[in-house]
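Input: a single structure, listed below in structure tokens.
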Amino acid sequence: MFRIQDNNGQNIYVNGRICEFSKYSGVDDSPFDFNMDFSEPIIYEVIRFIDGQGVFFKDHYDRFCNSLKLAGIKNVISCDDMKKACIDVLEANMMKNNNLKLMYAMKKDTDEPICLIYASKSFYPDEKYYSNGVAVAVLDIERPTPNAKISRKDYIDRVTSYRTNKGVFEVLLKNNKGKLTEGSRSNLFFIKDNIVYTAPKDLVLEGVMRKHVFEVCDNKEIIIDDTNLVDFNDLSGMDAAFLTGTSINVLPISTVEDSISYDTKNPVLLKIIKGFEERIIEEWQMK
């Protein structure tokens, strides 16, 4: 059964129209009852809006389309229609600054697609997080179909429980070979001797912010090695590490498992953070 648990607004978008969330969140005879069964998989995308504008909107739409393609689901919503629907959701909820979540699936035993867009509860780190960095833990878990953004309840429940029990900001995923791939809801980077290391794109969800970090590094003449995964046993030898994601942009890691510490003021890391901020400003000036 599918339930929306992170809605942050009174109104949501459902297949071309704006609806009051309270009327569609648990009424058994509703055609859009969110407690109904959906055919797996459920594709989703999260886009951050600032002053009513989607950050790297086209990149998010392209990733959404790729997830649908990998899942074998036909897309019936264009980029322009998706953008208009998002703006409608923001206006209906009198918001300008919030994450919007798009969820797309097929109604069970039918060929009817269900497209939902709603204001998702969001956390945006303040300056102390970027200055001090965040603590992370490591979990032995892998995401099937890593290139597609697919909602899987068992994965979410396990990661959420582990993150809560450990009291950390994020959980890093370790595969069965002892290699670190990505964060549970972020992409992962390490820095060693002025070189940035990250996983090959075919082994992770290729995040939108990850893409722009590559562009920043190219512009700043910073070398990125994405040919190999970092081994868990080699973590203590890294100089710095950071996460990227829709709500966090480029966020330094301070400690791993309370035993490994990283430099949150690493010169290469600070250069990437500054370059990413410049990239955001550039995106705004193009609109």
Side-chain angles (χ1 to χ4, degrees), residues 1-26 32-36 38 41-65 67-68 77 79 81-105 113-126 129 134 143 148-153 155-157 159-161 163-164 169-171 182-187 205 207-210 243-249 251 280:
M1 304 296 281
F2 174 57
R3 296 177 183 271
I4 293 179
Q5 297 179 316
D6 60 339
N7 177 57
N8 193 38
Q10 295 182 341
N11 299 286
I12 70 170
Y13 171 97
V14 184
N15 279 14
R17 59 194 177 102
I18 298 295
C19 311
E20 289 184 37
F21 179 73
S22 60
K23 292 184 178 179
Y24 292 91
S25 58
F32 300 114
D33 177 11
F34 302 138
N35 295 323
M36 71 190 302
F38 285 76
I42 298 174
I43 304 300
Y44 75 101
E45 189 66 40
V46 180
I47 307 172
R48 183 173 181 176
F49 279 77
I50 301 175
D51 292 331
Q53 295 186 42
V55 180
F56 304 130
F57 189 93
K58 181 60 166 56
D59 291 324
H60 281 287
Y61 178 77
D62 290 344
R63 184 172 67 173
F64 163 73
C65 292
S67 293
L68 289 175
I77 183 170
C79 184
D81 287 344
M82 181 172 156
K83 182 177 292 186
K84 182 181 182 305
C86 287
I87 297 302
D88 288 345
V89 171
L90 288 174
E91 291 179 349
N93 289 290
M94 294 182 289
M95 294 177 174
K96 287 189 175 182
N97 302 289
N98 208 91
N99 284 4
L100 294 188
K101 181 177 285 188
L102 168 72
M103 304 199 76
Y104 193 100
I114 302 294
C115 180
L116 311 176
I117 302 175
Y118 62 93
S120 176
K121 294 177 183 177
S122 310
F123 172 75
Y124 305 122
D126 59 30
Y129 284 86
V134 296
R143 289 193 307 108
K149 203 168 178 67
I150 299 174
S151 179
R152 293 183 172 90
K153 187 177 184 303
Y155 167 83
I156 293 173
D157 289 346
V159 167
T160 300
S161 175
R163 183 170 58 243
T164 301
F169 181 86
E170 174 63 304
V171 172
E182 57 191 328
S184 69
R185 50 185 178 175
S186 61
N187 284 122
L205 177 65
V208 169
M209 304 307 166
R210 180 182 189 272
L243 306 167
T244 61
T246 298
S247 297
I248 62 175
N249 293 337
L251 184 61
I280 293 287

For the residue pair [X] and [Y], what are the closest heavy atoms and their distance?
X      : Y      : result
Ile42  : Ala105 : CG1-CB, 3.9 Å
Met209 : Gly245 : CG-O, 3.3 Å
Ile117 : Val89  : O-CG2, 3.7 Å
Val46  : His60  : O-CE1, 3.1 Å
Ile18  : Ala92  : CG2-CB, 3.8 Å
Lys121 : Asn7   : CE-O, 3.4 Å

Can a donor-acceptor pair be found, under 3.5 Å and without considering hydrogens, that links the side chain of [X] to the backbone of [Y]?
X      : Y      : value
Asn187 : Gly207 : yes
Asn98  : Ser120 : yes
Tyr13  : Cys115 : no

Do [X] and [Y] have side-chain heavy atoms sitting under 4.5 Å apart?
X      : Y      : value
Ile248 : Phe123 : no
Leu205 : Arg63  : yes
Phe57  : Cys79  : yes
Gln10  : Glu20  : no
Ile47  : Leu102 : no

For the pair Asp62 and Lys58, find out whether any cationic side-chain nitrogen is under 4.0 Å from an anionic carboxylate oxygen.
yes
Glu182/Arg143 salt bridge by N-O under 4.0 Å criterion:
yes
So if I apply the side chain to side chain donor-acceptor pair (under 3.5 Å) rule between Tyr118 and each of Asn11, Asn93, Asp6, which one comes out positive?
Asp6
Can you name the one residue among Asn97, Asn99, Asn249 that meets side chain to side chain donor-acceptor pair (under 3.5 Å) with Tyr124?
Asn99
Calculate, to the nearest 0.5 Å, the distance between atoms [atom1] and [atom2] belonging to [X] and [Y] respectively.
X      : Y     : atom1 : atom2 : answer
Thr246 : Arg48 : OG1   : CZ    : 9.0 Å
Asn15  : Ile77 : CG    : CD1   : 9.0 Å
Ser67  : Glu45 : OG    : CD    : 6.5 Å

Quick one: is the NZ or CZ of Lys101 closer than 6.0 Å to the six-membered ring centre of Tyr44, and within 45° of its axis?
yes
Relative to Phe169, does Arg185 satisfy both conditions: NZ or CZ under 6.0 angstrom from the six-membered ring centre, and within 45 degrees of the ring's axis?
yes
side-chain contact (heavy atoms from CB on, under 4.5 Å) with Phe21: of Val14, Asn8, Ile12, only one passes, and it is Ile12
Please assess Phe49 against Ile87 for the test side chain to side chain contact (heavy atoms under 4.5 Å, CB included), listing each intermediate value before the final yes or no.
CA-CA 9 Å; Phe49 279 77; Ile87 297 302; 4.1 Å; yes
